[in-house]
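Taking it in order: structure first as structure tokens, then the write-up.
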Amino acid sequence: MRIALDGDGCRIAGHARPVGLPIRARGRLGSRGGFRRLGRVTGVTPVRVTGPGGTGPVTGLQESLDFFEGRCGGALM
């Protein structure tokens with residue numbers, strides 16, 4: 001899926017990727033050229049991984065996310 005992000009969304013996604021966090025975003029889903037695209041994106045937020053999929057390297061990284069939470073302006077969902 002391709003997502004076109006504005007400045008804030010790009011900043012949040014850029015900080016989430018190195019620590020292994022997925023992001024949640026809202027927008028309008030479309031299809032063009034064989035790709036799914038999310039347009040008019042709003043509400044880009046990092047998401048904590050919990051449950052069976054939250055084991056391994058991602059869980060280890062999430063234990064030290066105080067820095068990341070401070071940079072994004074609050075607690076993660």
Side-chain angles (χ1 to χ4, degrees):
M1 175 177 291
R2 292 184 177 184
I3 301 175
L5 300 173
D6 63 3
D8 286 337
C10 189
R11 178 185 54 81
I12 291 170
H15 286 294
R17 182 171 182 185
V19 295
L21 290 175
I23 60 167
R24 177 178 292 147
R26 292 184 177 159
R28 184 169 180 89
L29 185 61
S31 179
R32 186 169 150 183
F35 289 96
R36 292 285 187 186
R37 295 174 185 260
L38 193 62
R40 299 181 190 156
V41 178
T42 61
V44 177
T45 56
V47 180
R48 282 198 188 272
V49 178
T50 58
T55 60
V58 172
T59 301
L61 289 171
Q62 287 180 346
E63 293 173 0
S64 61
L65 288 179
D66 293 335
F67 170 76
F68 183 78
E69 288 176 344
R71 300 272 315 235
C72 286
L76 300 175
M77 299 182 118

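For this chain, numbers begin at 1 and follow the sequence in order.
- Residues Gly27 and Leu38 share a closest heavy-atom pair of C-CD1, 3.5 Å.
- Distance check, rounded to the nearest 0.5 Å: CD1 of Ile12 to OG1 of Thr45 gives 7.5 Å.
- The side chain to side chain contact (heavy atoms under 4.5 Å, CB included) test applied to Leu5 returns Ile3, Cys10, Ala13, Val41, Val44, not counting sequence neighbours.
- Scanning both residues, Val47 and Arg24, for their nearest heavy atoms gives CG2-CB, 3.5 Å.
- Qualifying side chain to side chain contact (heavy atoms under 4.5 Å, CB included) partners for Arg2, counting only residues two or more places apart in sequence or in other chains: Phe35, Arg37.
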